[in-house]
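Bear in mind that the values here come from a model prediction, so they are computed numbers and not experimental data. Just follow the structure's listing: the first ligand is 1, and inside any ligand the first atom is 1.
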Amino acid sequence: MAARLSVNVNKVATLRNARGGDVPSVIAAVRTIVAAGAPGITIHPRADERHIRAVDARAIAAELAPLREQIEFNIEGDPRPDLLAMVEELRPHQCTLVPVRPGEITSQAGWPTDTSRAELGAITSRLHGLGVRVSLFIEADLAAVRWARDVGAQRIELYTEPYAHAFAAGRGEAELARFAAAAELAHDLGLGINAGHDLDLDNLPLFSRLPHLDEVSIGHALISHALFVGLDRAVRDYIAVLVE
Ligand SMILES: CC(=O)[C@@H](O)[C@H](O)COP(=O)(O)O
Ligand SMILES: NCC(=O)COP(=O)(O)O
C-alpha cells in the first residue's frame with residue numbers, strides 16, 4: 001500500500017507572517033491541499049511562532065473536524081507545555097514529538113537515545129490515553145528504534161535529512177538500505193513508520209521504496225514547488241510519486 005502524504009503547511013504561514021496580514025491564507029491552502037487529494041496535514045508550531053501560530057492550529061483543527069475519517073491531522077513539536085496543551089485541546093490523530101535545540105533554523109536531529117524513557121514515556125502514555133497516536137522523531141538507527149519502542153510510541157518518524165544529503169551525493173541507495181534496516185526492525189517491533197525532512201520530488205521516488213512506510217510529511221520542498229506550478233499541481237505531483 002502506498003505511503004500517505006501529509007503536507008506540512010508551515011511555510012505557507014512563513015510567507016503570510018512576512019507581511020503581517022492573512023495572505024496567503026493557511027486555511028485556503030489546507031482546503032486546496034485536501035481537495036487535491038492529500039490525506040494528511042502536518043504543522044510544526046514552534047515556541048517562537050515564527051510560522052504556525054496557536055490560532056492557526058485551532059483553525060486547521062476546526063477545518064478538518066468534519067473530515068476526521070478521511071484526513072489525518074499531525075501536530076509536530078517538542079513536548080513543551082503549550083504544545084502539549086494544544087494537543088490535549090485539539091486531539092489531532094497524531095502527535096509527533098521532535099527534539100528542538102534553542103535557536104535552530106529547522107529540525108536537525110532525531111531524539112538522542114539517552115533521552116529519559118521515563119519522562120517521555122509518561123508524556124507518550126498521556127497523549128495516547130487521549131486517543132492521540134504518538135510518533136517519535138528519530139535517527140534511522142537500530143538503537144533509536146528500540147529506544148522509541150521502550151518509550152511506548154505507536155510510530156516512529158525517520159529523520160530523512162541524512163538520506164536527502166546522501167541522495168544528493170549519489171549515495172541514496174546505500175543510505176536507503178540503512179533506513180530500510182531501521183524500518184524492518186520497527187515493523188518487527190510493531191511500530192508504524194513515518195518519515196520526513198528534506199524529502200522532495202528528486203529523492204522521494206527512491207525513498208518511497210522503503211519497506212512498511214506508512215506516511216511521509218513534506219513541507220518545504222512541496223510549498224516551494226507550488227510557487228512555480230501552483231499548490232494543487234504540486235500536491236498531485238507528490239501523490240503521483242507515492243502511488244507509482
Ligand atoms: C520535524 C521536521 O522535520 C519538520 O517538522 C521541520 O521541523 C519543520 O520545521 P520548519 O518548518 O520550522 O523548518
Ligand atoms: N516531519 C517533516 C515535515 O513535517 C516537513 O519537513 P520538510 O519537508 O519541511 O523538510
Would you mind listing which atoms of ligand 1 come within a distance below 4.0 Å of any non-hydrogen atom of [X]?
X	value
Asn8	5 (O)
Glu76	1 (C), 2 (C), 4 (C), 5 (O)
Thr106	6 (C), 7 (O), 9 (O), 10 (P), 13 (O)
Lys11	10 (P), 11 (O), 13 (O)
Arg46	7 (O), 9 (O), 10 (P), 12 (O)
His197	2 (C), 3 (O), 6 (C)
Phe137	1 (C), 3 (O)

Using a 4.0 Å heavy-atom cut-off, say whether His220 meets ligand 1 through its side chain, its backbone, both or neither. neither

Below 4.0 Å, non-hydrogen atoms only: which portion of Glu157 touches ligand 1? Side chain, backbone, both or neither. neither

In sequence, state the C-alpha distance, the side-chain angles, and the governing distance for Asn10 and Ile43, and then conclude on side chain to side chain contact (heavy atoms under 4.5 Å, CB included). CA-CA 6 Å; Asn10 284 1; Ile43 56 173; 4.2 Å; yes

Can you name the one residue among [options] that meets side-chain contact (heavy atoms from CB on, under 4.5 Å) with [X]?
X	options	result
Ile223	Leu231, Asn8, Thr14	Leu231
Phe73	Pro92, Ser6, Cys95	Pro92
Val87	Leu97, Val134, Val132, Asp82	Val132

Carboxylate-amine/guanidinium proximity below 4.0 Å for Asp48 and Arg50: yes

With sequence neighbours excluded, give me every side chain to side chain donor-acceptor pair (under 3.5 Å) pair touching residues 225-236. His225-Asp237, Asp232-Arg236, Arg233-Asp237

Backbone or side-chain N or O of Asn10 under 3.5 Å from ligand 1 N or O: yes

Val34 side chain reached by Glu63 side chain, heavy atoms, under 4.5 Å: no

Hey, are the side chains of Val98 and Tyr159 touching, using non-hydrogen atoms and a 4.5 Å cut-off? no

Checking His197 against Thr106 for the side chain to side chain contact (heavy atoms under 4.5 Å, CB included) test, could you report, in this order, the C-alpha distance in whole Å, the side-chain angles of both residues, the deciding distance, and whether it holds? CA-CA 9 Å; His197 203 93; Thr106 188; 3.0 Å; yes

Among all protein non-hydrogen atoms, which one is nearest to atom 7 (O) of ligand 1, and what is the separation to 0.1 Å? Ser107 OG, 2.5 Å

Does His51 come within less than 4.0 Å of ligand 1, judged by its heavy atoms? yes

Given a heavy-atom cut-off of 4.0 Å, could you list the residues near ligand 2 in chain and number order? Asn8, Thr42, Glu76, Glu157, Gly196, His197, Asp198, Ser217, Ile218, Gly219, His220

Across all chains, not counting sequence neighbours, the ring pair (Phe, Tyr, Trp, His ring centres under 6.0 Å) partners of Phe179 are Phe207

Sorted by chain and number, sequence neighbours left out, ring pair (Phe, Tyr, Trp, His ring centres under 6.0 Å) with His220 holds for none

